[in-house]
Amino acid sequence: QVQLVESGGGLVQAGGSLRLSCAASGPLYSTACMGWFRQGPGKEREGVAAIEADGSTIAADSVKGRFTISRDIANNTLYLQMNSLKPEDTAMYYCAATRRADCYSGSYLFGLAAENFGYWGQGTQVTVSS
């Protein structure tokens with residue numbers, strides 16, 4: 001059984017930073033593609049960033065240069081460092097895991113597509129004020 005528990009959300013002013021954490025348990029963590037997704041008010045869930053076990057990462061264009069995904073396999077924890085936050089980053093942020101090891105193949109970034117992930121946390125709210 002894979003369990004994912006997010007933490008670290010909160011209220012921050014535009015330009016500020018937050019670091020989200022996702023504590024993972026279960027048989028998949030050390031080998032699986034892990035990702036962060038978000039869903040803003042009235043919007044569909046979108047992929048933010050994903051990471052493979054070897055540390056290879058992909059990220060959405062909207063967060064490149066501002067957000068960094070990382071993982072600490074020894075401590076079973078996934079992170080999302082968010083800098084230069086904008087009001088449009090306001091959303092519920094979710095940690096997710098998939099059974100596959102790779103997050104991308106060539107130009108296909110399946111690590112940013114929610115339908116490829118079968119395990120989800122409960123989410124943590126991030127609110128960015130202007």
Side-chain angles (χ1 to χ4, degrees):
Q1 180 96 12
V2 175
Q3 292 186 321
L4 304 170
V5 180
E6 303 95 334
S7 61
L11 174 64
V12 63
Q13 288 188 331
S17 298
L18 281 175
R19 189 176 80 156
L20 305 183
S21 299
C22 172
S25 62
L28 295 180
Y29 180 74
S30 63
T31 59
C33 169
M34 302 281 294
W36 285 98
F37 291 78
R38 66 185 181 185
Q39 188 165 15
K43 297 181 180 179
E44 294 186 355
R45 190 168 297 191
E46 64 173 344
V48 175
I51 186 168
E52 299 179 347
D54 68 358
S56 300
T57 64
I58 55 174
D61 289 342
S62 59
V63 305
K64 283 181 180 177
R66 300 189 299 124
F67 291 10
T68 302
I69 187 172
S70 61
R71 68 196 292 174
D72 182 344
I73 292 180
N75 291 307
N76 293 344
T77 305
L78 182 72
Y79 300 101
L80 184 68
Q81 178 66 45
M82 305 186 294
N83 299 328
S84 302
L85 282 161
K86 305 175 181 179
E88 52 263 44
D89 294 320
T90 294
M92 184 72 79
Y93 282 72
Y94 299 90
C95 170
T98 176
R99 288 186 173 275
R100 62 189 308 161
D102 49 346
C103 297
Y104 61 96
S105 178
S107 61
Y108 181 37
L109 308 181
F110 43 78
L112 297 183
E115 62 266 24
N116 294 319
F117 289 76
Y119 305 94
W120 294 85
Q122 82 290 347
T124 185
Q125 178 67 38
V126 172
T127 302
V128 184
S129 63
S130 57

(message) Looking at every heavy atom in both Ala50 and Gly111, which two are closest together, and how far apart are they?
(response) CB-O, 3.4 Å
(message) With clusters defined by side-chain heavy atoms of hydrophobic residues (ILVMFWY) lying less than 4.5 Å apart, directly or transitively, does Ile51 cluster with Phe67?
(response) yes
(message) Using 0.5 Å steps for rounding, measure from the CG atom of Asn76 to the CE atom of Met34.
(response) 9.0 Å
(message) Given 3.5 Å as the limit, does a donor-acceptor pair link the side chain of Glu52 with the main chain of Cys103, or not?
(response) yes
(message) Contact between Val12 and Met82 at the side-chain level, heavy atoms closer than 4.5 Å - yes or no?
(response) no
(request) Would you check if Ser62 and Arg38 make a side-chain contact, meaning some heavy-atom pair closer than 4.5 Å? (result) yes
(request) Answer yes or no: is there a side-chain heavy-atom contact under 4.5 Å between Arg45 and Trp120? (result) yes
(request) Hey, could you give me the OG1/CG distance between Thr77 and Leu4, rounded to the nearest 0.5 Å? (result) 11.0 Å
(request) Mind listing the closest non-hydrogen atom pair of Gln81 and Ser17 along with its distance? (result) NE2-CB, 4.0 Å
(message) Working note: Val126 + Leu20, criterion side chain to side chain contact (heavy atoms under 4.5 Å, CB included); need CA distance, chi angles, decisive distance, verdict.
(response) CA-CA 9 Å; Val126 172; Leu20 305 183; 4.0 Å; yes
(message) I'd like to know if Val2 and Leu78 are part of one continuous hydrophobic network [Ile/Leu/Val/Met/Phe/Trp/Tyr, side-chain heavy atoms within less than 4.5 Å].
(response) yes
(request) Could you grab the distance from atom OG1 of Thr68 to atom CG of Asn83, nearest 0.5 Å is fine? (result) 6.5 Å
(message) Keeping Thr98 on the side-chain end and Cys33 on the backbone end, is there a donor-acceptor pair under 3.5 Å?
(response) no
(message) Do Trp36 and Val63 sit in one hydrophobic cluster, given that two such residues count as connected whenever their side-chain heavy atoms are within less than 4.5 Å of each other, even indirectly?
(response) yes
(request) Identify whether the distance between the nearest side-chain nitrogen and carboxylate oxygen of Asp61 and Lys64 falls below 4.0 Å. (result) yes
(message) For Gly123, is there any backbone N or O sitting under 3.5 Å from a side-chain donor or acceptor partner on Glu6?
(response) yes
(request) Please indicate whether Gln122 has more than 12 foreign heavy atoms, meaning atoms of other residues, nucleotides or ligands, lying under 6.0 Å from its CD. (result) yes
(request) First locate atom OH of Tyr94, then atom CG of Leu80, and finally report the distance between them rounded to the nearest 0.5 Å. (result) 15.0 Å
(request) Determine the minimum heavy-atom distance between Ser56 and Tyr104, stating which atoms define it. (result) CB-OH, 3.7 Å
(message) Looking at Glu115, I'd like to know if its CD atom is crowded, meaning that more than 12 non-hydrogen atoms belonging to other residues, nucleotides or ligands lie closer than 6.0 Å.
(response) yes
(request) Using the rule that two of Ile, Leu, Val, Met, Phe, Trp, Tyr join whenever any of their side-chain heavy atoms come within less than 4.5 Å, decide whether Leu18 and Val48 are in one cluster. (result) yes
(request) Give the intermediate values and the outcome of side chain to side chain contact (heavy atoms under 4.5 Å, CB included) for residues Leu85 and Gln13. (result) CA-CA 8 Å; Leu85 282 161; Gln13 288 188 331; over 6 Å; no
(request) Kindly compute the distance separating CG (Leu11) from CD (Gln125), expressed to the nearest 0.5 Å. (result) 10.0 Å
(request) Report yes or no: do Tyr79 and Val5 belong to one cluster of Ile/Leu/Val/Met/Phe/Trp/Tyr joined by side chain heavy-atom distances under 4.5 Å? (result) no
(request) List the atom of Ser130, the atom of Ala14, and the distance in Å for their closest heavy-atom pair. (result) CA-CB, 4.4 Å
